[in-house]
Amino acid sequence: MTQPPADPPVGQTVIIMPTYNERQNLESIAGRVRAALPEADLLVVDDNSPDGTGDIADKLAEADPHVQVMHRTEKAGLGKAYIAGFDWALERGYGVMVEMDADGSHQPEHLPALVGALDQADLSIGSRWTRGGKVVNWPKSREALSRAANVYTRLMLGIGVRDATAGFRAYRASTLRTISLGQVESTGYCFQIDLTLRVAEAGLRIVEIPITFVEREFGASKMSNTIILEAFWRVAQWGTQRRLSQLRSRRPDRRRG
(Lines give C-alpha, C1' and ligand atoms only; values in the text may rest on other atoms or scores of the structure.)
Protein backbone atom coordinates (compact mmCIF):
# COMPACT_ATOMS: atom_id res chain seq x y z
CA MET A 1 0.00 0.00 0.00
CA THR A 2 1.39 3.41 -0.97
CA GLN A 3 2.04 5.65 2.00
CA PRO A 4 1.15 9.37 1.91
CA PRO A 5 4.04 11.82 1.66
CA ALA A 6 5.39 12.88 5.05
CA ASP A 7 5.97 16.52 4.20
CA PRO A 8 4.07 19.20 2.28
CA PRO A 9 5.45 20.30 -1.09
CA VAL A 10 8.33 22.74 -0.87
CA GLY A 11 8.50 25.71 -3.22
CA GLN A 12 6.32 28.06 -5.19
CA THR A 13 3.15 27.07 -7.03
CA VAL A 14 2.66 27.82 -10.72
CA ILE A 15 -0.59 27.40 -12.65
CA ILE A 16 0.18 26.34 -16.22
CA MET A 17 -2.52 27.39 -18.68
CA PRO A 18 -2.20 26.43 -22.36
CA THR A 19 -4.09 28.73 -24.74
CA TYR A 20 -5.20 28.66 -28.35
CA ASN A 21 -7.78 31.24 -29.42
CA GLU A 22 -8.93 32.10 -25.89
CA ARG A 23 -8.95 35.89 -26.27
CA GLN A 24 -12.50 36.15 -24.90
CA ASN A 25 -11.72 34.12 -21.79
CA LEU A 26 -8.12 34.73 -20.76
CA GLU A 27 -8.31 38.07 -18.97
CA SER A 28 -11.31 37.05 -16.86
CA ILE A 29 -9.98 33.64 -15.89
CA ALA A 30 -6.51 35.00 -15.14
CA GLY A 31 -8.01 37.56 -12.74
CA ARG A 32 -9.91 34.85 -10.91
CA VAL A 33 -6.79 32.68 -10.68
CA ARG A 34 -4.79 35.52 -9.17
CA ALA A 35 -7.55 36.20 -6.63
CA ALA A 36 -7.86 32.52 -5.65
CA LEU A 37 -4.11 31.96 -5.09
CA PRO A 38 -2.47 35.39 -4.79
CA GLU A 39 0.99 34.00 -3.98
CA ALA A 40 1.06 31.63 -6.95
CA ASP A 41 2.38 32.39 -10.40
CA LEU A 42 0.52 31.93 -13.69
CA LEU A 43 2.27 30.71 -16.82
CA VAL A 44 0.30 31.17 -20.05
CA VAL A 45 1.55 28.82 -22.79
CA ASP A 46 0.21 30.21 -26.05
CA ASP A 47 0.45 28.20 -29.27
CA ASN A 48 0.59 31.21 -31.61
CA SER A 49 -3.15 31.92 -31.37
CA PRO A 50 -4.33 33.78 -34.49
CA ASP A 51 -6.98 35.65 -32.48
CA GLY A 52 -4.37 37.60 -30.46
CA THR A 53 -4.56 35.63 -27.22
CA GLY A 54 -0.79 35.95 -26.89
CA ASP A 55 -1.04 39.75 -26.99
CA ILE A 56 -3.59 39.69 -24.17
CA ALA A 57 -1.28 37.44 -22.17
CA ASP A 58 1.64 39.84 -22.69
CA LYS A 59 -0.44 42.75 -21.42
CA LEU A 60 -1.38 40.77 -18.32
CA ALA A 61 2.29 39.97 -17.71
CA GLU A 62 3.29 43.62 -18.05
CA ALA A 63 0.78 44.57 -15.37
CA ASP A 64 1.45 41.69 -12.96
CA PRO A 65 4.85 40.18 -12.10
CA HIS A 66 3.13 36.92 -11.11
CA VAL A 67 2.09 36.33 -14.74
CA GLN A 68 4.54 34.84 -17.25
CA VAL A 69 4.04 34.02 -20.93
CA MET A 70 5.56 31.33 -23.12
CA HIS A 71 5.04 31.89 -26.85
CA ARG A 72 5.22 28.78 -29.00
CA THR A 73 5.42 28.92 -32.77
CA GLU A 74 2.72 26.40 -33.66
CA LYS A 75 -0.32 24.52 -32.41
CA ALA A 76 1.33 21.25 -31.38
CA GLY A 77 -1.25 19.75 -29.03
CA LEU A 78 -2.20 19.98 -25.38
CA GLY A 79 0.33 17.43 -24.20
CA LYS A 80 3.32 19.18 -25.75
CA ALA A 81 2.16 22.53 -24.35
CA TYR A 82 2.02 21.09 -20.84
CA ILE A 83 5.38 19.33 -21.19
CA ALA A 84 6.94 22.65 -22.23
CA GLY A 85 5.31 24.34 -19.24
CA PHE A 86 6.45 21.61 -16.84
CA ASP A 87 10.04 21.81 -18.12
CA TRP A 88 9.99 25.59 -17.71
CA ALA A 89 8.71 25.31 -14.14
CA LEU A 90 11.06 22.50 -13.09
CA GLU A 91 14.06 24.46 -14.37
CA ARG A 92 12.99 27.39 -12.17
CA GLY A 93 12.50 25.37 -9.00
CA TYR A 94 8.74 25.47 -8.58
CA GLY A 95 7.44 22.95 -6.06
CA VAL A 96 3.87 22.56 -7.38
CA MET A 97 2.60 22.62 -10.97
CA VAL A 98 -1.11 22.97 -11.71
CA GLU A 99 -2.80 22.12 -15.01
CA MET A 100 -5.78 24.33 -15.82
CA ASP A 101 -7.86 25.21 -18.87
CA ALA A 102 -8.23 28.82 -19.97
CA ASP A 103 -11.85 28.57 -21.12
CA GLY A 104 -13.55 29.00 -17.74
CA SER A 105 -14.58 25.36 -17.37
CA HIS A 106 -12.19 24.91 -14.45
CA GLN A 107 -13.23 27.12 -11.54
CA PRO A 108 -10.23 28.93 -9.98
CA GLU A 109 -12.04 28.91 -6.65
CA HIS A 110 -11.19 25.19 -6.41
CA LEU A 111 -7.44 25.92 -6.58
CA PRO A 112 -6.78 26.17 -2.81
CA ALA A 113 -8.34 22.73 -2.20
CA LEU A 114 -6.57 21.19 -5.19
CA VAL A 115 -3.14 22.46 -4.15
CA GLY A 116 -3.79 21.84 -0.46
CA ALA A 117 -4.51 18.17 -1.16
CA LEU A 118 -0.84 17.70 -2.08
CA ASP A 119 -0.02 17.76 1.63
CA GLN A 120 -1.19 14.13 1.56
CA ALA A 121 -0.72 13.20 -2.09
CA ASP A 122 1.65 13.29 -5.06
CA LEU A 123 -1.08 14.12 -7.60
CA SER A 124 -4.45 15.71 -6.89
CA ILE A 125 -7.14 15.61 -9.58
CA GLY A 126 -10.13 17.94 -9.79
CA SER A 127 -12.71 15.25 -10.45
CA ARG A 128 -16.13 15.57 -12.08
CA TRP A 129 -17.07 11.96 -11.43
CA THR A 130 -16.11 11.41 -7.81
CA ARG A 131 -18.68 11.91 -5.05
CA GLY A 132 -19.58 15.63 -4.88
CA GLY A 133 -18.31 16.44 -8.38
CA LYS A 134 -20.61 17.62 -11.17
CA VAL A 135 -20.82 19.24 -14.59
CA VAL A 136 -22.90 22.26 -15.59
CA ASN A 137 -24.34 23.01 -19.05
CA TRP A 138 -22.88 19.96 -20.72
CA PRO A 139 -25.03 18.16 -23.31
CA LYS A 140 -25.97 14.64 -22.24
CA SER A 141 -24.00 13.20 -25.17
CA ARG A 142 -20.77 14.84 -23.96
CA GLU A 143 -21.36 13.70 -20.39
CA ALA A 144 -22.02 10.14 -21.57
CA LEU A 145 -18.81 10.19 -23.65
CA SER A 146 -16.72 11.35 -20.69
CA ARG A 147 -18.22 8.85 -18.27
CA ALA A 148 -17.79 6.01 -20.76
CA ALA A 149 -14.18 7.01 -21.46
CA ASN A 150 -13.36 6.87 -17.77
CA VAL A 151 -15.06 3.50 -17.26
CA TYR A 152 -13.14 2.18 -20.29
CA THR A 153 -9.90 3.55 -18.83
CA ARG A 154 -10.47 1.96 -15.42
CA LEU A 155 -11.29 -1.42 -16.97
CA MET A 156 -8.40 -1.42 -19.43
CA LEU A 157 -5.70 -0.03 -17.15
CA GLY A 158 -6.79 -1.35 -13.77
CA ILE A 159 -6.46 2.00 -11.99
CA GLY A 160 -9.08 3.23 -9.53
CA VAL A 161 -9.17 6.88 -10.59
CA ARG A 162 -12.72 7.89 -11.51
CA ASP A 163 -11.75 10.90 -13.66
CA ALA A 164 -8.46 10.01 -15.32
CA THR A 165 -9.29 12.30 -18.28
CA ALA A 166 -9.60 15.39 -16.06
CA GLY A 167 -7.43 18.33 -17.03
CA PHE A 168 -7.61 20.26 -13.73
CA ARG A 169 -4.91 18.82 -11.50
CA ALA A 170 -1.87 19.58 -9.33
CA TYR A 171 1.45 17.75 -9.24
CA ARG A 172 4.35 17.84 -6.84
CA ALA A 173 7.57 18.67 -8.68
CA SER A 174 9.01 15.39 -7.36
CA THR A 175 6.15 13.52 -9.06
CA LEU A 176 6.92 15.00 -12.47
CA ARG A 177 10.60 14.22 -12.04
CA THR A 178 9.73 10.60 -11.28
CA ILE A 179 7.51 9.77 -14.26
CA SER A 180 9.87 10.31 -17.23
CA LEU A 181 8.21 13.27 -18.94
CA GLY A 182 10.66 13.01 -21.82
CA GLN A 183 9.09 9.69 -22.84
CA VAL A 184 5.51 11.02 -23.03
CA GLU A 185 4.22 11.00 -26.62
CA SER A 186 0.49 11.65 -26.10
CA THR A 187 -0.67 14.94 -27.56
CA GLY A 188 -4.44 15.30 -27.05
CA TYR A 189 -6.60 14.77 -23.98
CA CYS A 190 -5.13 11.26 -23.80
CA PHE A 191 -2.16 13.04 -22.24
CA GLN A 192 -4.10 13.21 -18.96
CA ILE A 193 -4.64 9.45 -18.91
CA ASP A 194 -0.99 8.88 -19.79
CA LEU A 195 0.30 10.89 -16.84
CA THR A 196 -2.28 9.41 -14.46
CA LEU A 197 -1.13 5.91 -15.41
CA ARG A 198 2.52 6.83 -15.00
CA VAL A 199 1.91 8.24 -11.52
CA ALA A 200 -0.07 5.14 -10.51
CA GLU A 201 2.57 2.74 -11.86
CA ALA A 202 5.26 4.64 -9.95
CA GLY A 203 3.42 3.75 -6.73
CA LEU A 204 2.65 7.38 -5.93
CA ARG A 205 -0.53 8.51 -4.21
CA ILE A 206 -3.40 10.05 -6.22
CA VAL A 207 -6.39 11.80 -4.64
CA GLU A 208 -9.52 13.15 -6.34
CA ILE A 209 -11.06 16.42 -5.22
CA PRO A 210 -14.69 17.01 -6.26
CA ILE A 211 -15.14 20.01 -8.54
CA THR A 212 -17.91 21.70 -10.50
CA PHE A 213 -17.02 21.74 -14.19
CA VAL A 214 -18.78 24.48 -16.17
CA GLU A 215 -19.04 24.36 -19.95
CA ARG A 216 -17.35 27.29 -21.66
CA GLU A 217 -19.43 30.36 -22.59
CA PHE A 218 -17.12 31.71 -25.30
CA GLY A 219 -15.05 30.08 -28.02
CA ALA A 220 -15.04 26.56 -29.41
CA SER A 221 -14.19 23.26 -27.75
CA LYS A 222 -10.91 21.65 -28.87
CA MET A 223 -12.42 18.13 -28.72
CA SER A 224 -12.34 16.25 -32.03
CA ASN A 225 -12.70 12.72 -33.41
CA THR A 226 -8.93 12.56 -33.81
CA ILE A 227 -8.44 13.24 -30.11
CA ILE A 228 -11.05 10.62 -29.17
CA LEU A 229 -9.46 7.99 -31.41
CA GLU A 230 -5.98 8.70 -30.05
CA ALA A 231 -7.23 8.12 -26.51
CA PHE A 232 -9.10 4.93 -27.47
CA TRP A 233 -6.13 3.29 -29.21
CA ARG A 234 -3.48 4.38 -26.73
CA VAL A 235 -5.52 3.11 -23.76
CA ALA A 236 -6.05 -0.18 -25.61
CA GLN A 237 -2.29 -0.47 -26.21
CA TRP A 238 -1.39 0.38 -22.61
CA GLY A 239 -3.99 -2.04 -21.30
CA THR A 240 -2.70 -4.86 -23.50
CA GLN A 241 0.89 -4.19 -22.48
CA ARG A 242 -0.11 -4.12 -18.82
CA ARG A 243 -1.89 -7.47 -19.04
CA LEU A 244 0.98 -9.11 -20.92
CA SER A 245 3.39 -7.86 -18.28
CA GLN A 246 1.18 -9.29 -15.52
CA LEU A 247 1.01 -12.66 -17.29
CA ARG A 248 4.77 -12.80 -17.69
CA SER A 249 5.29 -11.98 -14.03
CA ARG A 250 2.97 -14.83 -12.98
CA ARG A 251 4.57 -17.42 -15.28
CA PRO A 252 6.63 -19.91 -13.23
CA ASP A 253 10.36 -19.85 -13.74
CA ARG A 254 11.21 -23.21 -15.31
CA ARG A 255 14.92 -22.63 -15.46
CA ARG A 256 16.97 -25.12 -13.49
CA GLY A 257 19.58 -23.95 -11.13
Side-chain angles (χ1 to χ4, degrees), residues 14-22 26 42-49 53-54 57 68-91 94 96-103 105-106 114 122-128 145-146 149-150 152-153 156-157 159 161 163-173 175-202 204 206 213 216 219-239 241-242:
V14 59
I15 294 94
I16 301 171
M17 187 177 290
T19 56
Y20 186 78
N21 287 351
E22 296 292 354
L26 181 59
L42 170 63
L43 172 65
V44 178
V45 182
D46 186 66
D47 276 7
N48 198 25
S49 298
T53 300
Q68 305 290 327
V69 185
M70 177 187 296
H71 292 281
R72 285 155 48 84
T73 58
E74 62 179 350
K75 188 174 185 291
L78 184 74
K80 292 187 181 300
Y82 271 127
I83 294 294
F86 290 153
D87 288 343
W88 180 95
L90 289 169
E91 288 173 2
Y94 285 91
V96 174
M97 292 78 167
V98 178
E99 292 185 23
M100 184 175 179
D101 288 351
D103 61 9
S105 58
H106 296 152
L114 196 66
D122 301 289
L123 163 62
S124 63
I125 296 176
S127 177
R128 299 157 293 185
L145 175 63
S146 180
N150 278 285
Y152 173 69
T153 297
M156 290 297 295
L157 303 182
I159 56 177
V161 176
D163 198 354
T165 62
F168 193 21
R169 49 178 66 196
Y171 295 89
R172 287 172 171 253
T175 302
L176 294 176
R177 291 192 180 98
T178 299
I179 61 174
S180 303
L181 287 175
Q183 298 176 12
V184 176
E185 297 180 353
S186 307
T187 57
Y189 287 91
C190 181
F191 172 80
Q192 310 298 1
I193 302 173
D194 193 342
L195 265 61
T196 303
L197 179 61
R198 289 169 182 269
V199 173
E201 289 185 330
L204 302 178
I206 302 171
F213 180 99
R216 64 161 68 231
S221 170
K222 310 302 189 296
M223 184 62 71
S224 68
N225 289 336
T226 300
I227 289 171
I228 294 170
L229 287 172
E230 181 202 17
F232 179 86
W233 286 113
R234 284 193 182 274
V235 170
Q237 290 171 345
W238 296 330
Q241 291 168 0
R242 187 181 179 94

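Below, each value reflects all heavy atoms present in this structure, side chains not excepted, and no hydrogens, waters or symmetry copies. FYI, the numbering just counts along the sequence from 1.
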Next on the checklist: What verdict does the side chain to side chain contact (heavy atoms under 4.5 Å, CB included) test give for Leu204 and Leu123, after you've listed the backbone C-alpha separation in whole Å, the side-chain angles of each residue and the deciding distance to 0.1 Å?
Outcome noted: CA-CA 8 Å; Leu204 302 178; Leu123 163 62; over 6 Å; no
Checklist entry - Between Asp122 and Thr175, which heavy-atom pair has the shortest distance, and what is it? => result O-OG1, 2.9 Å
Checklist entry - From Thr19 OG1 over to Asp103 CG, what is the distance, rounded to the nearest 0.5 angstrom? => result 11.0 Å
Next on the checklist: For Arg128 and Ser105, which I'm curious about, is there any donor-acceptor pair between the side chains at under 3.5 Å?
Outcome noted: no
Next on the checklist: Working note: Gln68 + Val14, criterion side chain to side chain contact (heavy atoms under 4.5 Å, CB included); need CA distance, chi angles, decisive distance, verdict.
Outcome noted: CA-CA 10 Å; Gln68 305 290 327; Val14 59; over 6 Å; no
Item to check | All side chain to side chain contact (heavy atoms under 4.5 Å, CB included) counterparts of Glu201, not counting sequence neighbours | outcome: Leu197, Arg242
Item to check | Heavy-atom closest contact (Trp88 atom, Leu43 atom, distance) | outcome: CE3-CD2, 3.5 Å
Checklist outcome for this item: The complete set of salt bridge (charged side-chain N to carboxylate O under 4.0 Å, His left out) pairs with one or both residues in residues 183-195, sequence neighbours excluded, reads Asp194-Arg198
Checklist entry - Donor-acceptor pair, Ser124 side chain versus Leu114 backbone, under 3.5 Å? => result yes
Item to check | Heavy-atom pair of closest approach, residues Gly126 and Asp163 | outcome: O-OD2, 4.2 Å
Item to check | For the student: nearest non-hydrogen atoms of Val45 and Gly85, plus distance | outcome: CG2-CA, 4.4 Å
Checklist entry - Between Glu74 and Asn48, is any pair of side-chain heavy atoms under 4.5 Å apart? => result no
Checklist entry - Taking the side chain as C-beta and beyond, is there a heavy-atom pair between Ile206 and Ile159 under 4.5 Å? => result no
Checklist entry - Asp46: what forms a salt bridge (charged side-chain N to carboxylate O under 4.0 Å, His left out) with it, not counting sequence neighbours? => result none
Checklist entry - Any idea which heavy atoms bring Met100 and Tyr82 closest together, and the distance? => result N-OH, 3.0 Å
Checklist outcome for this item: For Thr165 and Asn150 the tightest heavy-atom approach is OG1-ND2, 3.1 Å
Checklist entry - What pairs with Phe213 under ring pair (Phe, Tyr, Trp, His ring centres under 6.0 Å), at least two apart in sequence or on another chain? => result His106, Trp138
Item to check | Value rounded to 0.5 Å, distance of CG in Leu26 from OG1 in Thr53 | outcome: 6.5 Å
Next on the checklist: Are the side chains of Gln192 and Leu78 in contact, using a 4.5 Å heavy-atom criterion?
Outcome noted: yes
Item to check | Partner set under side chain to side chain contact (heavy atoms under 4.5 Å, CB included) for Thr73, not counting sequence neighbours | outcome: none
Checklist outcome for this item: Sequence neighbours excluded, the answer for side chain to side chain contact (heavy atoms under 4.5 Å, CB included) partners of Glu91 is none
Next on the checklist: Return the CZ to CD1 distance between Phe168 and Ile15, rounded to the nearest 0.5 Å.
Outcome noted: 8.5 Å
Next on the checklist: What's the separation between atom CG in Leu195 and atom OH in Tyr171, rounded to the nearest 0.5 Å?
Outcome noted: 4.0 Å
Item to check | Minimum side-chain heavy-atom gap Phe191-Lys80 below 4.5 Å | outcome: no
